[in-house]
Amino acid sequence: MNEGCIVNSMQRTAAELWQDYLFLSREMLKFLERKEHELFFELMSQRETVQQMLDELAKDDFKHTVQGQALFLEIRGLNLSITQKVQLFLNHAKQKHSASKAYDGYGDASGDAGSRLDRIIK
């Protein structure tokens with residue numbers, strides 16, 4: 001699916017748009033698992049575009065069909081997995097940031113690395 005397809009899909013049905021939403025959600029999870037965050041954010045942007053198009057639909061009877069309910073159940077599971085993986089990514093980033101800050105101020109730019117620690121140990 002390319003962005004042009006999404007942008008030019010104003011005449012698409014609710015079922016087609018929800019299928020696009022499901023596809024983008026699957027791809028988002030796939031790229032999160034691969035730690036390809038730039039692609040994840042691009043797909044998230046595309047999914048937001050589809051969501052806006054769904055919000056603008058005059059009629060969305062697809063929600064009330066058996067197929068629609070099954071699709072929403074799958075989307076709900078994907079969203080839960082995406083949320084958990086994003087939370088793990090954020091926690092990992094916070095830990096890395098904290099560890100990096102813990103080493104700030106040790107050594108000085110003109111001396112050897114670890115020179116401050118050497119003075120402490122002696």
Side-chain angles (χ1 to χ4, degrees):
M1 172 187 307
N2 62 34
E3 194 170 337
C5 177
I6 292 173
V7 173
N8 296 326
S9 59
M10 288 297 187
Q11 297 81 19
R12 300 188 73 194
T13 66
E16 292 170 326
L17 290 172
W18 281 113
Q19 286 294 330
D20 289 347
Y21 191 93
L22 176 62
F23 171 80
L24 290 167
S25 298
R26 286 177 181 153
E27 292 297 300
M28 286 170 61
L29 183 58
K30 181 169 56 175
F31 286 108
L32 254 181
E33 289 171 344
R34 292 181 185 169
K35 298 184 180 179
E36 295 182 33
H37 299 112
E38 283 185 37
L39 291 171
F40 166 78
F41 288 116
E42 174 59 34
L43 291 166
M44 187 170 65
S45 175
Q46 290 180 31
R47 192 174 81 158
E48 287 174 9
T49 301
V50 172
Q51 181 64 56
Q52 289 172 351
M53 294 169 72
L54 283 162
D55 291 344
E56 294 170 2
L57 281 178
K59 191 174 184 180
D60 184 357
D61 291 336
F62 182 69
K63 296 180 204 182
H64 307 293
T65 66
V66 173
Q67 296 89 355
Q69 292 299 313
L71 186 137
F72 294 140
L73 189 60
E74 185 174 353
I75 289 173
R76 189 173 298 125
L78 286 168
N79 283 341
L80 180 61
S81 295
I82 289 168
T83 301
Q84 290 170 341
K85 291 201 180 297
V86 166
Q87 190 63 47
L88 285 172
F89 168 72
L90 291 174
N91 288 343
H92 183 69
K94 284 179 188 177
Q95 287 174 342
K96 284 178 74 173
H97 180 71
S98 293
S100 174
K101 285 191 70 100
Y103 289 101
D104 284 352
Y106 285 100
D108 86 271
S110 63
D112 296 326
S115 62
R116 186 170 181 184
L117 288 174
D118 289 343
R119 285 186 301 219
I120 294 171
I121 293 173
K122 289 181 181 177

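Just so it is clear, the model here is predicted, and its values are computed rather than measured. Throughout, numbering of the chain's residues begins at 1 and tracks the sequence. These values consider heavy atoms only, across backbone and side chains, with no hydrogens, waters or symmetry-generated copies.
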(message) I'd like to know whether K35 forms a side chain to side chain contact (heavy atoms under 4.5 Å, CB included) with H37, so could you lay out the CA-CA distance, the side-chain angles of the two residues, the decisive distance to 0.1 Å, and finally the verdict.
(response) CA-CA 6 Å; K35 298 184 180 179; H37 299 112; 4.0 Å; yes
(message) For a side chain to side chain contact (heavy atoms under 4.5 Å, CB included) check, start with the C-alpha distance between L88 and Q84, then their side-chain angles and the critical distance, and finish with the verdict.
(response) CA-CA 6 Å; L88 285 172; Q84 290 170 341; 5.6 Å; no
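With rounding to the nearest 0.5 angstrom, the OH atom of Y21 is 5.0 Å from the CD atom of Q51. Taking NE2 from H92 and NZ from K85, the interatomic distance works out to 13.5 Å, rounded to the nearest 0.5 Å. Remark: E42 CD to E36 CD distance equals 13.5 Å, nearest 0.5 Å. In this structure, the separation between OG1 on T83 and CG on L29 is 10.0 Å, given to the nearest 0.5 Å. Atom CZ of R47 and atom CG of D20 lie 12.5 Å apart (nearest 0.5 Å). If you take CG on L24 and CD on Q46, they are separated by 5.5 Å, rounding to the nearest 0.5 Å.
Taking the salt bridge (Lys or Arg N to Asp or Glu O under 4.0 Å) definition, one finds that D61 meets it with K59, sequence neighbours left out.
Across all non-hydrogen atoms, the minimal contact from M28 to I82 is CB-CD1, 4.0 Å. Smallest separation of non-hydrogen atoms from S25 and N79: OG-OD1, 4.4 Å. Residues L54 and A14 come closest through the heavy atom pair CD2-O, 4.1 Å.
Between E27 and K30 there is a salt bridge, since at least one side-chain N of the basic residue sits less than 4.0 Å from a carboxylate O of the acidic one.
Checked against L32 for a side-chain contact (heavy atoms from CB on, under 4.5 Å), the options L43, L39, V86 give a single hit: V86.
Hydrophobic clustering (ILVMFWY, side-chain heavy atoms < 4.5 Å, transitive): V66 and W18 are in distinct clusters.
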Show the atom names and distances, to 0.1 Å, of all donor-acceptor pairs under 3.5 Å that link a side chain in residues 68-76 to residues at least two apart or in another chain.
| residue | atom | partner | partner atom | Å |
| --- | --- | --- | --- | --- |
| Q69 | NE2 | K63 | O | 2.4 |
| E74 | OE1 | R26 | NH2 | 3.1 |
| E74 | OE2 | R26 | NE | 3.0 |
| E74 | OE2 | R26 | NH2 | 2.7 |

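Looking only at atom types and distance, the side chain of Q52 has no donor-acceptor partner in the side chain of E56 under 3.5 Å away.
Side-chain atoms of T49 come within 3.5 Å of backbone atoms of S45 as a donor-acceptor pair (strictly under, hydrogens ignored).
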